[in-house]
Amino acid sequence: MLHAKYWAGLSNYKPIELENLSEDLSRPVSHVLQQQLYEQAATVVANKNDLLPFRALDTVQFASVSVGADLNNAFTQTLEKYAPFKKFAVTSRFAADTVYAAIKRDLAGADVVVISLHKLNNNPNSNYNLSGTALEFIRDIQRDPTKKVVVVVMGNAYSLKNFEASDWLVCGYEDNETSRKVIPQVLFGALPANGRLPVTASPKFKAGTGVSTPSLNRLKYSVPESVGMNSHILKQIDNIATEAIAYAATPGCQVLVVKDGTVVMEKAYGYYTYERTQPVTEKTIYDLASITKVAATLQAVMFLKDQGRLKLDEKLVTYLPELKGSNKANLLVRDVLLHQAGLASYIPFWKQTFVEGKPDHMYYDSLPSDTYPNLVVPGVYANKKLEDLVWKWVVKSDLVGKRNSAGKFEYRYSDLGLHIMKRITERLLNQSLPDFLEQNFYAPLGTSTLTFNPLNKFLKEQIAPTAPGSDFKAGTPVQGTVHDANAAMLGGKAGHAGLFSNANDLAILMQMDLQNGNYGGQQFFKSPIVTEFSQNGAQNSRRGLGWDKPDPAGNGPTSDLAPLNTFGHTGFTGTGAWIDPENNLIYIFLSNRVYPTSENDKLLKYNIRTRIHDVVYQSLEPKP
């Protein structure tokens with residue numbers, strides 16, 4: 001805990017009862033109080049040109065150096081929830097000059113370096129456990145004009161005297177699990193900083209020194225009780241996740257819950273496969289399947305509508321002139337988004353590229369080349385002309401279903417509508433959908449794992465495997481290529497599938513949507529466009545514009561406890577993401593239930609996702 005001398009008014013404190021102290025401090029309410037104390041105490045001592053909190057994430061290369069702590073300590077793990085970091089650690093106070101010299105060389109490409117100092121002590125005779133070698137390393141890095149160096153003192157405030165030349169300096173006062181999680185949140189604007197130095201550390205850093213920094217509405221991380229949720233009830237999720245794994249509904253999963261902008265639960269369960277060789281972690285990346293529809297294509301659609309460049313009640317032919325004379329020319333954008341445009345649910349286009357049960361060489365090759373650049377599954381590469389060919393097949397496809405008295409088609413969930421919407425967005429943007437999203441949403445949000453074709457950025461060992469969704473190398477698991485066969489033949493970049501992510505990065509995007517585009521000090525949408533799209537817009541289905549919603553009759557894709565204004569989507573691979581604006585709540589569930597076969601329906605049979613969603617609502621404090 002913070003030293004008593006850091007707090008005014010404690011001179012008249014009553015003696016602490018030591019009996020049952022350990023039990024009392026382990027209670028959730030004690031953790032809340034402890035975190036609040038560190039949040040209030042966190043002090044930004046120097047902040048040249050208001051660099052802190054970090055705003056632009058897509059134009060900065062971040063690195064961190066932990067001195068006196070392991071590489072994957074709570075401080076660096078929390079940093080990585082906001083942006084990709086190249087990490088270094090010097091665990092020994094007596095590390096040689098050569099250790100620091102090697103790190104300096106490896107920092108060559110970094111723009112911002114966060115140096116955190118751990119395991120300091122209260123002994124001024126040992127300079128608070130700061131070695132001369134470490135101090136000289138910091139000063140050396142600070143002399144580099146290409147770098148902004150943020151020094152974070154996780155300990156005695158008197159040690160700040162060593163850093164009077166620092167342009168960016170933060171004091172966390174103590175070095176424990178809680179303080180290591182709080183300070184990174186201050187650096188990225190999840191938490192504001194209003195602390196002031198309680199002591200005079202040097203002539204420059206006098207008592208009362210401190211710079212207030214704002215909140216940027218980024219996700220925070222705390223315990224459930226901090227936002228009025230019951231952690232004991234939430235622990236029931238452990239039992240349901242364990243049941244899912246025991247009954248082979250999925251080999252592993254991630255569960256994340258956000259309340260009032262605070263991540264109160266983020267847990268990984270099980271393994272990548274039933275062979276139990278690699279455990280799932282919070283960093284494991286999953287194939288999101290149809291969540292792609294809302295986390296990718298719909299983001300671009302909402303952006304274009306928000307910009308006034310796309311009209312919902314316009315005919316498709318207005319944006320896609322090649323539809324003239326087709327049965328889709330006069331369909332409305334709104335009806336496509338509501339899944340009531342008469343489009344077929346799903347057409348296995350990939351089957352048209354097979355001959356005698358094998359991939360036709362006209363469309364595929366075993367080696368990549370200029371003609372066959374797109375990875376389908378390992379050892380299979382697709383012809384670059386397939387995207388235009390599939391589009392022709394979409395255009396020629398029959399309309400299906402009946403029309404009602406108003407002339408509208410009945411509700412029919414359709415992947416084809418997202419093929420069409422991807423085509424429209426790319427035509428209006430004059431850019432590929434993945435590139436647009438990366439530049440305008442994913443990178444500015446700091447969501448590095450939210451990506452198409454993750455093998456371009458990550459090792460396959462970081463990605464949960466699935467089974468191929470087709471006869472492409474049937475029976476051979478894939479890791480990092482999309483499960484959906486139609487998306488696979490398009491090089492993993494489709495409007496209905498192909499997006500990958502971990503739970504944290506998907507939650508960041510969903511929180512931005514919950515806040516109607518306001519996140520990290522940026523405004524991604526000018527108007528409350530997400531609210532407009534997430535409202536029920538169909539007379540004959542539960543759907544919003546692109547978004548799925550609870551079924552008013554119950555037994556839908558959400559918990560029956562979810563309000564009807566909840567919106568989100570599920571995915572075939574065993575995923576789900578739900579936003580509840582009434583309770584300011586987000587629930588993410590990611591799994592690879594399709595490993596080793598997509599025939600496995602136990603996740604749905606045992607209602608795993610919705611039962612966990614039930615527990616989330618049961619953990620909320622009753623409204624007065």
Side-chain angles (χ1 to χ4, degrees), residues 1-43 69 73-79 81 116 118-122 152-157 170-187 190-196 198 215 219-239 255-268 282 583-585 615-624:
M1 293 293 290
L2 292 171
H3 197 283
K5 66 185 176 183
Y6 290 158
W7 301 99
L10 292 187
S11 58
N12 297 320
Y13 72 93
K14 294 181 179 180
I16 296 174
E17 294 290 340
L18 298 182
E19 187 177 357
N20 299 322
L21 178 60
S22 177
E23 181 181 346
D24 289 342
L25 290 177
S26 66
R27 291 175 179 171
V29 67
S30 298
H31 291 304
V32 173
L33 177 59
Q34 186 182 39
Q35 173 138 346
Q36 289 174 343
L37 290 174
Y38 286 115
E39 289 175 6
Q40 293 166 11
T43 305
N73 63 80
F75 186 91
T76 57
Q77 288 177 343
T78 307
L79 286 177
K81 292 182 183 300
S116 57
H118 303 268
K119 295 182 180 177
L120 304 183
N121 61 31
N122 296 324
V152 179
V153 173
M154 299 298 297
N156 197 308
V170 179
C171 188
Y173 298 104
E174 297 279 346
D175 186 26
N176 56 43
E177 192 81 1
T178 303
S179 61
R180 288 184 180 190
K181 291 178 179 178
V182 165
I183 299 302
Q185 297 183 59
V186 170
L187 297 182
L191 294 170
N194 294 301
R196 298 293 184 267
S215 166
L219 283 180
K220 302 184 288 290
Y221 298 83
S222 189
V223 296
E225 281 70 17
S226 68
V227 289
M229 298 182 78
N230 188 309
S231 58
H232 295 295
I233 294 176
L234 276 177
K235 285 182 180 178
Q236 296 175 22
I237 292 174
D238 295 348
N239 298 330
V255 178
L256 187 145
V257 179
V258 184
K259 176 75 169 74
D260 297 339
T262 301
V263 176
V264 297
M265 178 180 183
E266 183 182 11
K267 297 191 74 170
E282 293 174 0
N583 291 291
N584 206 15
L585 188 70
V615 173
V616 172
Y617 280 103
Q618 291 162 2
S619 72
L620 294 175
E621 282 189 352
K623 294 181 179 179

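Closest non-hydrogen pair, A41 versus Y173, comes out as O-CE1, 3.0 Å. Across every non-hydrogen atom of Y221 and E266, the tightest pair is CE2-OE1, 4.0 Å. Taking all atoms of both residues into account, the shortest heavy-atom contact from Q34 to N176 is NE2-ND2, 4.5 Å. The two residues G172 and Y38 have their closest heavy-atom pair at O-CD2, 4.3 Å. Shortest non-hydrogen contact noted between V153 and L120 is CG1-CD1, 3.6 Å. Residues L234 and V616 share a closest heavy-atom pair of CD2-CA, 4.2 Å.
Considering only residues two or more places apart in sequence or on other chains, E225 meets the side chain to side chain donor-acceptor pair (under 3.5 Å) condition with S231. Not counting sequence neighbours, the partners of D175 by the side chain to side chain contact (heavy atoms under 4.5 Å, CB included) test are H118, K119, M154, R180. Partners of S226 by side chain to side chain donor-acceptor pair (under 3.5 Å), not counting sequence neighbours, listed by chain and number: S222. Judged as a side chain to side chain contact (heavy atoms under 4.5 Å, CB included), and not counting sequence neighbours, the contacts of L33 are Q36, L37. Applying the side chain to side chain donor-acceptor pair (under 3.5 Å) criterion to E282, with sequence neighbours excluded, gives K81. Remark: K267 pairs with D238 by the side chain to side chain donor-acceptor pair (under 3.5 Å) rule, at least two apart or across chains. Residues passing the side chain to side chain contact (heavy atoms under 4.5 Å, CB included) test with Q618 are I233, Q236, L561, D614, V615, sequence neighbours excluded. In this structure, the side chain to side chain contact (heavy atoms under 4.5 Å, CB included) partners of A42, at least two apart in sequence or on a different chain, are I183, V186.
To the nearest 0.5 Å, atom NZ of residue K181 and atom CG of residue L79 are 13.0 Å apart. Taking OG from S179 and CD from Q35, the interatomic distance works out to 10.0 Å, rounded to the nearest 0.5 Å.
Counting heavy atoms of neighbouring residues, nucleotides and ligands inside a 6.0 Å radius, atom NZ of K220 exceeds 12 of them.
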Solution key, residues 257-265 side-chain donor-acceptor pairs under 3.5 Å, sequence neighbours excluded:
from, atom 1, to, atom 2, distance (Å)
K259, NZ, N583, O, 3.2
D260, OD1, N584, ND2, 3.2

